[in-house]
Enquirer: 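Before we start, here is the structure in question, set down as structure tokens.
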Amino acid sequence: MKNIVILISGRGSNMQAIVEAAIPGARIAAVLSNRPDAAGLAWAAERGIATEALDHKAYDSREAFDAALAARIDAYAPDLLVLAGFMRILSAGFTEHYAGRMFNIHPSLLPAFTGMHTHRRAIEAGCKLAGCTVHFVTAELDHGPIVAQAAVPVLDDDTEATLAERVLAAEHQLYPAAVRAFVEDRLQIDGLRVRGAD
Ligand code: GAR
């Protein structure tokens, strides 16, 4: 059995998709948030999952918050740490501690559109395809080895909101499948390439 700890900052729909996938061999050990009012915390608690909130505003520095967060995460002995809409830049010490065992999902086809406002930028750039990426997290923002990607069309009448909705639906398929591949020990990292996902 592999322990999964999930970090969220908001509604947590990707967290919900991973929980509801009921991946064989995976146990959702805890859901943690940097925002005490994150809607996803209540959803997880209602299902009997351990939840904790650590308000980043209560810490003097990024490093101090990350150290406190890591201490709480490690109390659950995670095999995999899953960032699911966790809207924090992570310190190098944090990313090194979880090297090779931390996933993030990003709402673009990386390496295009790292950072924020990915859907607006994809539309403005005239892209015909958009999508989402699950990747291992490294110290460089949105640049770690890519585990899996899903593409969706950009339609002529798309707005940021309609494209975001289409990408989010793809995220809910992609993320549980990527977690499952990790849990089944299928993934091999070779530089920026990851082999063994679906
Ligand atoms: C998702 O679209 C995810 O890809 C994005 O935030 C949303 C969280 O939704 N993550 C990032 O932008 C990370 N840079 P959720 O809370 O409903 O899962």
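Ligands are counted one by one from 1 in listed order, and the atoms in each one are counted from 1 as well.
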Enquirer: Could you grab the distance from atom OG1 of T51 to atom CG of L32, nearest 0.5 Å is fine?
Expert: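 Between atom OG1 of T51 and atom CG of L32 there are 8.0 Å.
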Enquirer: Return the closest protein heavy atom for atom 4 (O) of ligand 1 as residue, atom name and distance.
Expert: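 Answer, as residue, atom name and distance: E171 OE1, 2.8 Å.
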Enquirer: Geometry only, no angles: is M15 polar-contacting ligand 1 at N/O separations under 3.5 Å?
Expert: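 In this structure, M15 places no N or O atom under 3.5 Å from an N or O of ligand 1.
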Enquirer: Look at R186 together with D198 and state whether they make a salt bridge at an N to O cut-off of under 4.0 Å.
Expert: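 Judged by the 4.0 Å cut-off on N to carboxylate O distance, R186 and D198 do form a salt bridge.
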Enquirer: Hey, which atoms in ligand 1 end up nearer than 4.0 Å to a heavy atom of M87?
Expert: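 So the atoms of ligand 1 that pass are 11 (C), 12 (O), 13 (C).
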Enquirer: Hey, is CD on E165 packed in by over 12 heavy atoms from elsewhere, all under 6.0 Å?
Expert: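 For E165, atom CD is not crowded (no more than 12 foreign heavy atoms under 6.0 Å).
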Enquirer: Tell me which protein heavy atom sits closest to atom 9 (O) of ligand 1, plus the residue, atom name and distance to 0.1 Å.
Expert: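 Answer for atom 9 (O) of ligand 1: R11 NH2, 3.2 Å.
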Enquirer: Would you call D37-R35 a salt bridge at under 4.0 Å N-O?
Expert: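 The answer is no: the pair does not qualify as a salt bridge.
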Enquirer: Any atoms of ligand 1 less than 4.0 Å from a non-hydrogen atom of S13? List them with their elements.
Expert: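 Those atoms are 15 (P), 16 (O), 17 (O), 18 (O).
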Enquirer: Starting from atom 12 (O) of ligand 1, locate the nearest protein heavy atom and write down its residue, its atom name and how far away it is, to 0.1 Å.
Expert: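 In this structure, atom 12 (O) of ligand 1 has P107 CD, 3.4 Å as its nearest protein heavy atom.
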Enquirer: As a check for students: among N104, I105, I6, I18, identify the option with a heavy atom nearest to atom 10 (N) of ligand 1.
Expert: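 Closest candidate by heavy-atom distance is I105.
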Enquirer: Under 3.5 Å, is there a donor-acceptor pair linking the side chains of T133 and Q149?
Expert: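 Their side chains do contain a donor-acceptor pair, which is all the 3.5 Å distance test asks for.
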Enquirer: Any side-chain heavy-atom pair from V31 and V5 closer than 4.5 angstrom?
Expert: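 Sidechains of V5 and V31: no contact.
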Enquirer: Is the shortest heavy-atom distance from the side chain of T159 to the side chain of L163 under 4.5 Å?
Expert: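 No, side chains not in contact.
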Enquirer: Numbering the atoms of ligand 1 from 1, which are under 4.0 Å from a heavy atom of L168?
Expert: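 Those qualifying, in numeric order: 2 (O).
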Enquirer: What protein heavy atom sits nearest atom 14 (N) of ligand 1, and how far off is it?
Expert: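 For atom 14 (N) of ligand 1, the nearest protein heavy atom comes out as H106 ND1, 3.6 Å.
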Enquirer: Which atoms of ligand 1 are found less than 4.0 Å from any heavy atom of G85?
Expert: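 Going through ligand 1 atom by atom, the ones under 4.0 Å from G85 are 6 (O), 8 (C).
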Enquirer: In terms of residue, atom name and distance, what is the protein heavy atom nearest to atom 16 (O) of ligand 1?
Expert: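 Checking every protein heavy atom, the shortest distance to atom 16 (O) of ligand 1 gives G12 N, 2.9 Å.
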Enquirer: Inspect the contact between R101 and D79 and indicate whether a charged nitrogen and a carboxylate oxygen are less than 4.0 angstrom apart.
Expert: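 Looking at R101 together with D79, the answer is no, because their closest N to O distance does not fall below 4.0 Å.
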